[in-house]
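Any value given below was found using the heavy atoms of this structure, including those in side chains, with hydrogens, waters and symmetry copies removed.
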Amino acid sequence: AATEIDLGIGSGDLKGASRLIADALARANKDGRAARQVELILAQARIESRMDNPSLARKEIVLAVSKAARRRIVRPFID
């Protein structure tokens with residue numbers, strides 16, 4: 001799913017990528033995969049930024065940082 005999301009964002013299919021993110025985020029939440037949740041939230045922030053929604057992009061970034069800080073997750077911010 002990560003490759004499909006990246007391809008969607010790269011090709012401009014932002015709505016399709018956003019749907020894939022929502023599905024993957026639901027699975028990551030269910031499985032308790034916090035690092036994956038942070039990655040997906042950051043991907044959604046990229047989409048919001050590309051769609052000229054800076055306030056939504058900031059909201060997603062704050063959510064990602066907050067979730068990552070609680071679990072000491074740094075990798076998604078380095079990659």
Under 3.5 Å, which donor-acceptor pairs do the side chains of residues 55-63 form with other protein atoms, sequence neighbours left out?
none

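A68 approaches F77 most closely through the heavy-atom pair CB-CE1, 3.4 Å. Heavy-atom minimum distance, R71 versus A34: NH1-CB, 3.9 Å.
For residues 31-40, every residue pair satisfying the side chain to side chain donor-acceptor pair (under 3.5 Å) rule, not counting sequence neighbours, is listed here: N29-Q37, R36-E39, Q37-K67, E39-R75.
The cluster map of Ile, Leu, Val, Met, Phe, Trp and Tyr, joined by side-chain heavy atoms under 4.5 Å apart, puts I47 and I5 in the same cluster. A continuous path of Ile, Leu, Val, Met, Phe, Trp and Tyr side chains, each step under 4.5 Å between heavy atoms, connects M51 with I9, placing both in one hydrophobic cluster.
Listed by chain and residue number, R27 satisfy the side chain to side chain contact (heavy atoms under 4.5 Å, CB included) test with D23 (two or more places apart in sequence, or in another chain).
Listed for the S11 side chain is a donor-acceptor partner under 3.5 Å among the backbone atoms of L7.
With P76 as reference, L42 is the one residue of L40, L42, I41 to meet the side chain to side chain contact (heavy atoms under 4.5 Å, CB included) rule.
The existence of a salt bridge linking R19 and D13 is excluded, since no basic side-chain nitrogen approaches an acidic carboxylate oxygen closer than 4.0 Å.
Taken from CG in L20 to OG1 in T3, the straight-line distance is 11.0 Å, to the nearest 0.5 Å.
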